[in-house]
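One structure is given below, encoded as structure tokens.
Atoms within a ligand are numbered from 1 in the order they appear, just like the ligands themselves. Hydrogens, waters and symmetry mates play no part in the numbers below; they use all other heavy atoms, side chains included.
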Amino acid sequence: MLSIDGAQHRDLRTGRAPWASGRRPTRRTLKQDRRCDVLVVGAGITGALAAERLVREGRDVCIVDRERPGLGSTAASTAMLLWEIDRPLAGLTDLYGFERAARLYRLSLQAVRGLQSLVEQREIACRMRARHSLYLAAGTTDAHALMKEHELRGRAGLPGHFLDYRTLHHQFGIDREAALLSSGAADADPLCLAHGLLARAVEGGGHLFDADAVHYDVSGRRTAVLMDDGHSIEADWVVLATGYVMPDFVASEIHRVTTTWAVATPPQPRRGRWRGGALIWEATEHYLDLRTTDDHRIVVGGGDDETINEPDARANATPGKSQFLLAGLRRLFPDIEPCAETAWSGVFGTTADGLPLIGPVPGHPRILAAYGYGGNGITFGFLAAELIAGVIGGRRAAWYDDFPVGRPMPPALK
Ligand SMILES: Cc1cc2nc3c(=O)[nH]c(=O)nc-3n(C[C@H](O)[C@H](O)[C@H](O)COP(=O)(O)OP(=O)(O)OC[C@H]3O[C@@H](n4cnc5c(N)ncnc54)[C@H](O)[C@@H]3O)c2cc1C
């Protein structure tokens, strides 16, 4: 299932994100039934991170994907690797208390660092760059609310500066009440990252197959996963990394599916670049996020819509959403001539509380799931790989209980 639509807009050259595919991992056909320690279902960024990690820990790992690896949500991602979670620290504190919220934010910060060192150590060519992030006042989140968020972050030991109107305007030329400027973020080419990780997993002895997992038989000691071609893979552990498509037996009352859009401009002249290529995002539900690429394009994402899910409807909405994104870019940087060279949309899973669903599937302790990432998909994917490798290796992370798959809707959100 390709989640990238072809853009219909006449100004747009293609409907693809501007990511290179890197070194495509070799997939094989499953010619016989197999057995392994761990079967990873799904070869997007989550499956790739989990497989690389598990192979490195000496497990016998099979990975299956029914499409070309990486071409789910991962290829559509704008790959801003933020440690700031979709729900602000103040909002997460309201839901789960300060101690837990602060711990989760620190964990997310460590995850971005961990991802950067993994890429460096495993020499994965994915154009990863350390970045600052710039979180802009928007909607009801005014300068006062941002200052409160800044103070809370300081209490939690998180990095960042409060920029008032004058400083923000002076440093970035942006006309907004205030912003938080923080270190510790990064960006990358998501497809190269996923492909590079899968290549490392395969080099280390992992097996990547072209197969569609259609049935999970949990009656024995091992789980037998039946593929659509009739073959099966029996595994001690199964990792579900199927993106926004969850098998029926994984139920979550807080999970939902959202479509989002993005455009990429042609390479920009110097006047169209902002300080340090910071990752820019807005403190509003109808947010916009902006990053640059190493060839000086601007990628603008946003326009999330939970009501548009069918491929045709997504494609039809793309011209209007592209205009919305370009208008947002123009408002922030009036000197930039907004023009989209490519536009695309993608679907991803998200949750009501902004936290992912990572851990054993209720009732199936040997089936481990990683879903509902929201806008922090790649950061949370790294945490998922760590938690999953820990569970399989008999090590229970201190934060094991923080993202339970079956958690109920927090009362405050009902
Ligand atoms: C436009 C857009 C912008 C985004 N921007 C960001 C961002 O800036 N930063 C960020 O961190 N995140 C971002 N995200 C979210 C992030 O991209 C996703 O959370 C992440 O890519 C999810 O990866 P995944 O591997 O879990 O899922 P996917 O990439 O969707 O991979 C799942 C794989 O499972 C396979 N599969 C499904 N069912 C089966 C089956 N039954 N058998 C075999 N294979 C199966 C699919 O074919 C697919 O390849 C964005 C997403 C979109 C769409």
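- The residue from Val41, Thr74, Asp65 that puts a heavy atom closest to atom 29 (O) of ligand 1 is Thr74.
- Contact annotation: the side chain of Pro360 never approaches that of Ile367 to less than 4.5 Å [non-hydrogen atoms, C-beta and beyond].
- The option with the heavy atom closest to atom 22 (C) of ligand 1, from among Gly44, Ser73, Ser77, Ala213, is Ser73.
- Looking at Leu152 and Tyr105, their side chains never come closer than 4.5 Å, going by heavy atoms from C-beta outward.
- At under 3.5 Å, not a single nitrogen or oxygen of Trp261, backbone or side chain, sits near a nitrogen or oxygen of ligand 1.
- Separation of atoms OG (Ser117) and CE (Met128) is listed at 9.5 Å; rounding is to 0.5 Å.
- For Pro190, no heavy-atom contact with ligand 1 is shorter than 4.0 Å.
- When Val245, Asp212, Ile63 are checked for heavy-atom proximity to atom 40 (C) of ligand 1, Asp212 turns out nearest.
- For Leu71, the heavy-atom gap to ligand 1 stays at 4.0 angstrom or more.
- Taking distance alone, with nitrogen or oxygen atoms compared against 3.5 Å, Tyr373 stays at or beyond that limit from ligand 1.
- Ring centroids of Tyr216 and Phe249 are separated by less than 6.0 Å, placing the two rings close together.
- Distances below 4.0 Å separate heavy atoms of Met80 from the following atoms of ligand 1: 7 (C), 8 (O), 9 (N), 10 (C), 11 (O).
- Here's the thing with Ile45: one of its N/O atoms is less than 3.5 angstrom from an N/O atom of ligand 1.
- Not a single heavy atom of Gly349 lies less than 4.0 angstrom from ligand 1.
- Residue contacts with ligand 1, taken as heavy atom pairs separated by less than 4.0 Å, involve Asn376 solely via the backbone atoms N, CA, C and O.
- Using a cutoff of 4.0 Å between basic side-chain nitrogens and carboxylate oxygens, Glu234 and Arg34 are not scored as salt-bridged.
- With a 4.0 Å cut-off on non-hydrogen atoms, Ser345 does not touch ligand 1 at all.
- Which parts of ligand 1 touch Ala211 is read off a 4.0 Å heavy-atom cut-off, strictly below it: atoms 42 (N), 43 (C).
- Ligand 1 has no N or O atom lying under 3.5 Å from any N or O atom of Gly346, backbone or side chain.
- Taking a cutoff of 4.0 Å between a charged side-chain nitrogen and a carboxylate oxygen, Asp353 and Arg407 qualify as a salt bridge.
- Remark: ligand 1 and Arg66 share an N or O pair separated by less than 3.5 Å (distance only, no angle test).
- Residue-ligand proximity, Thr260 to ligand 1, at heavy-atom distances under 4.0 Å covers atoms 1 (C), 2 (C), 52 (C), 53 (C).
- For Thr292, the side-chain contact (heavy atoms from CB on, under 4.5 Å) criterion is met by Arg129, Arg131, Trp274, not counting sequence neighbours.
- The shortest N or O to N or O distance between Ala76 and ligand 1 is not under 3.5 Å.
- Of all the atoms in ligand 1, the ones that sit under 4.0 Å from a non-hydrogen atom of Gly42 are 33 (C), 34 (O), 35 (C).
- In this pair, Phe403 and Trp399 present their aromatic rings perpendicular. The plane angle is above 60°, beyond the 30 to 60° band.
- Salt bridge present: Arg395 and Glu57 bring a charged side-chain N and a carboxylate O closer than 4.0 Å.
- By the 4.5 Å heavy-atom criterion applied to side chains, Leu355 and Leu104 are counted as neighbours.
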Run the side-chain hydrogen bond (donor to acceptor under 3.5 Å, both in side chains) check on Tyr373 and Thr46 step by step: do they pass?
-> CA-CA 10 Å; Tyr373 291 158; Thr46 308; 3.2 Å; yes
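- At least one heavy atom of Ala79 sits less than 4.0 Å from an atom of ligand 1.
- One finds a salt bridge joining Arg103 and Asp402 here, because a Lys/Arg side-chain nitrogen approaches an Asp/Glu carboxylate oxygen to under 4.0 Å.
- Nearest-heavy-atom check against atom 32 (C) of ligand 1 across Gly47, Ala50, Ala43, Ala241 picks out Ala241.
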